[in-house]
Amino acid sequence: MKKTGDEYFDSEEFREMLATYEEAVNTGQPVFMDADELAEIADFYQMTEHYDEANEAIDLALALSPGAIAPLTYKIHEALWNGNTGEAREYLDRIIETDEPDYVYDKAEILMAEEREEECDAYLQEELEKVPEEEYQDYVIDVANLWADYNYPEKAMAWMARAKQEDTPEFKELMGRTLFGLGKYKDSERVFNELIDTDPFSKYYWNALASAQYMDEDFNNAIQSSEYAIAIDPKDPDGLIAKANALFRLNNYEDALEYYRRYSKEVPDDEFALLHQGSCLINLERSEEAAEVLQEAIQVAAGREDYLSDIYQELAFAYSEMGKTDKAIEYLDMTDTLDCDHVQIEVVKGHILLTDGRMEEAEVHFKKAVRESKEPLTTLLRVIVSIYDNRYLDAAHALFTNYFRVVPKSHKDGYAYMALCCYEMKLYTEFLEYLKKACQRNPKECKLVLSHIFPDEIEPKDYYAFLQGKVTPQ
């Protein structure tokens, strides 16, 4: 039987219990197990994506013990996964063992899912006063884990601060996850490197390390870490998607496409990967293929809106590249009823119309975007960049010039784009002026916009210093 990566489920003790259960089910014999054991078997089936078998085990557990906490906790988690907190509360009310820690955790999870953060924290602190001293450490760590699972890293760290620091993999893993949630990616990376030293064959640790490196924009090392996870398990979805995402951020669209496709073989119902396959194909100038895979993404995303507006935008770009501007605008119009950034959609409409030379129509959408934007300067910058991208260099230069006359002195964005515009127009004095400001104010934008001009070993903050004496003013 294939290993799951879970220490208990891979143990001989559990495998013997599972074999006994399956033999009884397959032969029609009575199952002599308690509710806790059946809930563990259901958890295993759920983890290995045998959902029908999981439901059978849970139904049997509840038939034997209707108020047992283990199977009802399983049903609570299932309801919360489906976003049904009302159903979760109904299962909570059926639990008989209300003095068990799991009852407290179940109630807390429901409050977290309902985003009743402060009420939940007060409840958990109230219950903490009832915890025996010998159970204190376990309780505060369990609570910290819950906060981390529901993406409340500040609360998780506050509860971890109550615990005695442990040099155990479980405690370190929780710390690494919490630091990641707090945006402290370097610290999270350090923790997962320590864990890898103790268990170099944990694909979970390698993927967690890759995620921290990716968020820290260390894409090359993120690729390397994900490759270790893939070496351990060539079909590991987390490793495949981690490598694909990092390759995509490095503009290595050919290789990214390969890994998105490998991921989709393992997780075919994930529209995110199909969306990015489409993006890769558009960047590789294979627009017809992109349209096909993005149409597939729409089918997969049926009933979910998470990435639907992004899929429509990429389809619009694909049809624009094929010269089908009106069809592209039709797909952008489909976002009208979606919860998305409608100002951004107006900018994209203007961009696509401008690409087709339809300047007056483009101007209508650009003006609407700026007028309706809550951050008009940011939106205006997007518009000017679109005009530059469409190679209207004189117009872009004039607009950039006026833009920088009205922005606050502390403004950080856009200087790298103006520098590039001046560079292409051979306005080298202005190029150096705006490059200097870009290096001082926004090195990240410098790297994004100007890195193709400079050697790879030069840091973005040093671009201006590197060109001192090497560029001849006009």
side-chain hydrogen bond (donor to acceptor under 3.5 Å, both in side chains) assessment of Gln137 paired with Arg162: CA-CA 8 Å; Gln137 179 80 350; Arg162 301 173 184 226; over 6 Å; no
[X] to [Y] six-membered ring, cation-pi geometry met (6.0 Å, 45°):
{"X": "Lys437", "Y": "Tyr434", "result": "yes"}
{"X": "Arg190", "Y": "Phe192", "result": "no"}
{"X": "Lys107", "Y": "Tyr123", "result": "yes"}

Pair Tyr417 + Tyr388: ring centers closer than 6.0 Å: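 Not close enough - the centres of the two rings lie 6.0 Å or further apart.
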Ring center gap for Tyr403 and His411 short of 6.0 angstrom: yes
Verdict with reasoning, Trp159 to Asn145, per side-chain hydrogen bond (donor to acceptor under 3.5 Å, both in side chains): CA-CA 9 Å; Trp159 278 84; Asn145 261 305; over 6 Å; no
Residues forming a salt bridge (Lys or Arg N to Asp or Glu O under 4.0 Å) with Glu254, sequence neighbours excluded: Arg286
From Glu296, His276, Gln277, residue fulfilling side chain to side chain contact (heavy atoms under 4.5 Å, CB included) relative to Ser264: Gln277
Main-chain N/O of Pro376 paired with Arg371 side-chain donor or acceptor, under 3.5 Å: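 No, because the side chain of Arg371 does not come within donor-acceptor range (under 3.5 Å) of the backbone of Pro376.
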Side-chain donor or acceptor of Glu445 paired with backbone N/O of Gly414 under 3.5 Å: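 Yes.
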Output side-chain donor-acceptor pairs under 3.5 Å for residues 323-337, partner residues at least two apart or in another chain, one line each.
{"unit_1": "Thr325", "atom_1": "OG1", "unit_2": "Asp356", "atom_2": "OD2", "d": "3.2"}
{"unit_1": "Asp326", "atom_1": "OD1", "unit_2": "Arg358", "atom_2": "NH1", "d": "3.2"}
{"unit_1": "Asp326", "atom_1": "OD1", "unit_2": "Arg358", "atom_2": "NH2", "d": "3.1"}
{"unit_1": "Tyr331", "atom_1": "OH", "unit_2": "Gln295", "atom_2": "NE2", "d": "2.7"}
{"unit_1": "Asp333", "atom_1": "OD1", "unit_2": "Lys349", "atom_2": "NZ", "d": "2.7"}
{"unit_1": "Thr335", "atom_1": "OG1", "unit_2": "Leu332", "atom_2": "O", "d": "2.6"}

For Tyr415, all residues meeting ring pair (Phe, Tyr, Trp, His ring centres under 6.0 Å), sequence neighbours excluded: Phe404
Charged N-O contact under 4.0 Å between Asp238 and Lys203: no
